[in-house]
Each structure stands twice: as C-alpha cells, then as structure tokens.
Protein chains: 2
Amino acid sequence: MSKRTADAMEPPNGGLTRQRRTYTIGELARLFEVTPRTIRFYEQEGLLAPERRGQTRIYHEKDRVRLKLTLRGKRLGFSLAEIREVVEMYDAMPDGNARQLKRLLEILADKRANLERQLEDIRLMHRELDDVESRARDVLASLETESTGS
Amino acid sequence: MSKRTADAMEPPNGGLTRQRRTYTIGELARLFEVTPRTIRFYEQEGLLAPERRGQTRIYHEKDRVRLKLTLRGKRLGFSLAEIREVVEMYDAMPDGNARQLKRLLEILADKRANLERQLEDIRLMHRELDDVESRARDVLASLETESTGS
DNA sequence: GCCGAGGTTTACGTTAACGTAAAGTGCTTG
DNA sequence: CAAGCACTTTACGTTAACGTAAACCTCGGC
C-alpha cells in the first residue's frame, strides 16, 4: 500500500496516431508495475481474456484498459470477485436481459455508496493526520529549542 | 466490502454529559458491527490495550476511539501493520526522539500521498460507473420500448 | 446448586491474492 | 548449434485477517 504505482501512462506510441499496439505479458507487467504472475492470475479469475498466438498471450488495448480498471478497483479496496462481477455483466450487456441489467444497476449503486463512504473516510483521516502531524511538529520543535536554548 | 458499516455512533449517553462510560467486548463489538474475535485479534496485534478487571477486558472511550480509527484505516486499505505503526509512534510521542518523530512525519506524508491517489481513483471510478450505468439504462430502455411498441 | 449468557484462552482452519520453484517450449543471436 | 531469454503450465507455499471449535471460568437469577 506504499508503492508509487505509476498508473498506466499512455505508451509513447511511436508515430502511429493510435491503436494496433499489442503487448506481451512482460511489457504489460512492467507498464503497471505488477508481475506476470499477477496478470496470469487475473486471467484465471476471469478478469482478462487475451488473444493467444499459439501458446503465448497477446494483449491489446482493450486488455490494457481492463487491467488498468482492475488495478484501480483494487486500490479502492474492491475484491477481484467484485470487479469481475461488474466486468462480466458489462460484457454481457448487449444480450442482457432486464433482470441482469437491474442487478447490474444495483451493484453499481452499491459501489457508488462505497465510494461515498470512502470519501468521507478520507476527509476524516485527513484531519487525523493533520492532528498527529502538528503534534509531532510541536514536540520536535520543543526538543530543538530545548537543546539550543540551554 | 459491501457491508453497511454503521460507523460508530456516539452512544446515547444516558444523562451523564460525557465520559466515564466503559464497554465490554461484546458491547463494543455490536457497536462497530465486528465480532469479539476481531477485537481480541486487534489487541494481539498491538492496536488495543484495554484494562483488565481480573480476567475480563474493560474498554474505555480511548479504546473505542482507537478501534474507530483502526476500522476507518482498514476501510481505506491500510494494513493492520501500517495502522499499528502510526498508533505506536503516536503513543511514544512524549518521549519521542527526533529520529522517531521525523520517521513519523515521513509515514504521515506517505499516507497522505496514498489518500491523494485514492481521491483521484475515486473520481475516475465514478466516471466509469456513470458510463456503465448510462449504457445499462439505454439497453434497458430499448428493451422495454421493444416489447411495448410491437 | 445449577443454568444460561457472556466472558476467557488455545489452537487449528480458511480465504484471497498472489510468490516461488520446477520443468518445459520457442525464438534469435553469436 | 548452444546459450540465453522470455514465455508457458503445474503445483505447492505464504501472508493477512480473521472464523470456528473446544474447554474453561464466573456471575446473577431462580
């Protein structure tokens, strides 16, 4: 939770205006600062479904975006199962029946509520940090005047 | 991650203006919607240190606040170890030497950066949810006009 | 005096999310 | 063609954060 996750810069895109770039698992891993193992694990959990050229995996933009969203969800404390729940329904949307769609809306509302609570938590936590920090600074200052002023 | 955690209401406080209330482990557990096991575990991990009356634990306001902050930290994705790190230093502040204090400030800055990133994540995630939701509503609407209009 | 509700310790079980190691495949490069 | 590098599968290991079960006190009430 203390890593400086370099959230998926758009790749330099050497010349070609857009698209058609593909990635190996290693490239993608470096891009998001995760291990290949993690990416394979996410696939196994149904969060990714890359193309296969023979035995090796080939990732397109679509897959990269998926991974990006997945990692973002993770940072927000969603479990892989929760993320998959949304991803799957999103994929099944075209042929989605009404029941499924309503269920999806429910889930989304739930996630939204979650985000709201987190926002409030962040606000509160921010104040706590301010408080602890100011106390720490005070003590630190008093320590210094002590050793200086005597 | 989908539980409606009823964030520690101030207890009704029957008459007495403040303080001096104590809690059993069960009361505290109900208050925060966790199990006693969880609370004992947090103690074992050095996050709580309740008074002991003989064998049984007695919790004061201080302990309740600790627990509240701990749970808030958890919802924000901090590990118990990270939370303990701050809690311990906070306790040790009076006699804190300069090195410890500077270290504490570092940790706080780190947590702060974390919160910033989470805020950004929340903003982005919010848009994604909006997007998915509007698509879902569109499909749903088209389904209904379909079955109605024919 | 016993009973049930709540407290206690001890210890093994469980789940999620990967890590790690072994053993094999496939290209390309000196 | 051998070496090396990146990919692959399979499978067992690990860590955090509790759950669960057993076996025990202890206290107020009937």
Side-chain angles (χ1 to χ4, degrees), chain A residues 1-3 5 21-60 63-64 66-88 114, chain B residues 1-3 5 21-60 63-64 66-88 114:
Chain A
M1 210 61 189
S2 312
K3 296 201 60 181
T5 321
R21 174 124 170 59
T22 74
Y23 307 83
T24 74
I25 197 171
E27 290 168 346
L28 212 54
R30 269 185 303 264
L31 202 52
F32 289 98
E33 301 183 37
V34 298
T35 69
R37 170 65 171 123
T38 299
I39 297 182
R40 290 196 195 97
F41 182 71
Y42 289 174
E43 176 178 350
Q44 174 182 326
E45 294 298 299
L47 291 168
L48 295 172
E51 190 195 332
R52 292 279 187 150
R53 182 112 60 217
Q55 164 141 283
T56 80
R57 295 164 171 84
I58 302 206
Y59 300 86
H60 298 129
D63 300 307
R64 194 188 57 106
R66 272 266 176 101
L67 180 53
K68 182 173 68 180
L69 294 180
T70 298
L71 293 175
R72 183 180 298 155
K74 276 219 57 189
R75 285 200 301 268
L76 292 178
F78 296 121
S79 72
L80 295 183
E82 290 178 307
I83 296 171
R84 180 185 47 210
E85 202 174 12
V86 173
V87 163
E88 278 180 356
N114 223 303
Chain B
M1 211 58 190
S2 313
K3 296 199 61 182
T5 321
R21 175 125 171 58
T22 76
Y23 308 83
T24 73
I25 196 171
E27 289 169 347
L28 212 55
R30 271 186 301 265
L31 203 52
F32 289 97
E33 300 183 39
V34 299
T35 69
R37 171 64 172 124
T38 298
I39 298 182
R40 291 197 195 95
F41 181 72
Y42 288 174
E43 177 178 349
Q44 174 183 327
E45 294 298 299
L47 291 168
L48 295 173
E51 191 196 332
R52 291 279 186 150
R53 181 110 62 218
Q55 164 140 283
T56 79
R57 295 165 171 83
I58 302 206
Y59 300 87
H60 299 127
D63 300 307
R64 194 187 57 106
R66 272 269 176 98
L67 181 53
K68 183 173 68 179
L69 294 180
T70 299
L71 294 175
R72 185 180 298 154
K74 276 219 56 188
R75 286 199 300 268
L76 291 177
F78 296 121
S79 73
L80 295 184
E82 290 178 307
I83 296 170
R84 181 184 48 210
E85 201 173 14
V86 173
V87 163
E88 277 180 357
N114 223 303

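In what follows, every chain begins at residue 1, and chains take the letters A, B, ... in the order their sequences are listed. These values consider heavy atoms only, across backbone and side chains, with no hydrogens, waters or symmetry-generated copies.
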To the nearest angstrom, how far is [X] atom [atom1] from [N] atom [atom2]?
{"X": "B/Q55", "N": "C/dG6", "atom1": "CD", "atom2": "P", "value": "18 Å"}
{"X": "A/E43", "N": "D/dT10", "atom1": "CD", "atom2": "P", "value": "12 Å"}
{"X": "B/R40", "N": "D/dA21", "atom1": "CZ", "atom2": "C1'", "value": "13 Å"}
{"X": "A/F41", "N": "D/dG13", "atom1": "CZ", "atom2": "P", "value": "17 Å"}
{"X": "B/E27", "N": "C/dG6", "atom1": "CD", "atom2": "P", "value": "11 Å"}

Output yes when at least one side-chain N/O atom of [X] is less than 4.0 Å from OP1 or OP2 of [N], else no.
{"X": "B/Y42", "N": "D/dC18", "value": "yes"}
{"X": "A/T56", "N": "D/dA6", "value": "no"}
{"X": "B/R52", "N": "C/dT9", "value": "yes"}
{"X": "A/T35", "N": "C/dG19", "value": "yes"}
{"X": "B/K74", "N": "D/dA16", "value": "no"}
{"X": "B/T38", "N": "D/dG19", "value": "yes"}
{"X": "A/R37", "N": "D/dG13", "value": "no"}

**Message:** Using every non-hydrogen atom in the two residues, find where B/E51 and B/R53 come nearest and quote the distance to one decimal.
**Reply:**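 Closest approach of B/E51 to B/R53: OE2-NH1, 3.6 Å.
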
**Asked** To the side chain of A/L80, which of C/dA17, D/dC18, D/dT9 is closest?
**Response**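 Minimum distance to the A/L80 side chain belongs to C/dA17.
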
**NZ or CZ of A/R37 within 45° of A/F41 ring axis and under 6.0 Å** =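 That pair does not qualify as a cation-pi contact.
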
**Request:** Classify the side chain of A/R57 and the base of D/dT8 as holding, or not holding, a donor-acceptor pair under 3.5 Å.
**Result:**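 Side chain to base: no pair below 3.5 Å.
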
**Message:** With a 4.5 Å cut-off on side-chain heavy atoms, are A/R30 and A/Y23 touching?
**Reply:**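 In short, these two side chains do not touch, never coming nearer than 4.5 Å.
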
**Request:** Measure the shortest side-chain to side-chain distance between B/T35 and B/T38 over non-hydrogen atoms and say whether it is less than 4.5 angstrom.
**Result:**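 The answer is yes, as the side chains (C-beta and beyond) meet within the 4.5 Å cut-off.
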
